[in-house]
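First the structure, in the form of structure tokens, and then the observations on it.
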Amino acid sequence: MAAESSPIPAIRVRRIDPEVPLPTRAHEGDAGVDLVSTIDLELPPGRRQVVGTGIAIALPIGTVGLVHPRSGLAARAGLSIVNTPGTIDAGYRGEIKVCLINHDPDETISISRGDRIAQLLVQRVELPDFVEVDELDETSRGAGGYGSSGGHAILTGEQV
Ligand SMILES: O=c1ccn([C@H]2C[C@H](O)[C@@H](COP(=O)(O)OP(=O)(O)OP(=O)(O)O)O2)c(=O)[nH]1
Ligand SMILES: [Mg+2]
């Protein structure tokens, strides 16, 4: 069995907005901690808005924060994040913000200050260097991509 890596130490959190709750897990073992909106907002269909969460964090080098949508709000209201998952770099000390988008074609989404709008995951990340070469090694996939292996649905009017 592979040796377990040591746990990531507690992440230092600074509350830019002193009223927001500290990020906590709803259930033991949950991957994400919920992030809240610091503002009331109305998001019409198809519109997006960058929203503050009221917290800044200090992630250890070798980790990354990933800001994911919440599935309940996605399914119920069509709320998502434009750049999902958002990337929080280890060196970033500003407020974590979320670029929300309303994917519902008809209904405006109302968000109140304090509503949980997204979730933050912290993961280890490799930080390799990049080196330029003239040729890459050959593989069976080669340059095939974007459906080259088949099995995707045919869209009406799709150009093949
Ligand atoms: O959902 C997000 C995504 C990013 N950020 C912050 C933290 C991150 O470290 C920084 C830069 O993010 P990213 O690299 O994705 O944006 P960029 O457009 O490449 O900006 P930059 O030139 O500052 O790297 O913005 C957020 O607060 N929320
Ligand atoms: Mg960047």
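Indexing begins at 1, ligand by ligand and atom by atom, following the structure's order.
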Output side-chain donor-acceptor pairs under 3.5 Å for residues 28-51, partner residues at least two apart or in another chain, one line each.
unit_1: D30; atom_1: OD2; unit_2: H27; atom_2: N; d: 3.0
unit_1: D34; atom_1: OD2; unit_2: R116; atom_2: NH1; d: 2.7
unit_1: S37; atom_1: OG; unit_2: I39; atom_2: N; d: 3.1
unit_1: S37; atom_1: OG; unit_2: I39; atom_2: O; d: 2.7
unit_1: T38; atom_1: OG1; unit_2: G52; atom_2: O; d: 3.2
unit_1: D40; atom_1: OD1; unit_2: R113; atom_2: N; d: 2.7
unit_1: E42; atom_1: OE2; unit_2: S110; atom_2: OG; d: 2.6

Would a distance-only check, ignoring hydrogens and angles, find a side-chain to backbone donor-acceptor pair under 3.5 Å from T139 to G142?
yes

Just by distance, do the side chain of R141 and the backbone of G144 share a donor-acceptor pair under 3.5 Å?
yes

Apply side-chain contact (heavy atoms from CB on, under 4.5 Å) to A90 and list each qualifying residue two or more places apart in sequence or on a separate chain.
L59, I61

Scan residues 77-89 for pairs that pass side-chain hydrogen bond (donor to acceptor under 3.5 Å, both in side chains), counting only residues two or more places apart or in two chains.
none

Residues with a heavy atom under 4.0 Å from ligand 1, by chain and number, are N83, G86, T87, I88, D89, Y92, E95, I96, K97

I88 side chain near L66 side chain, heavy-atom distance below 4.5 Å:
no

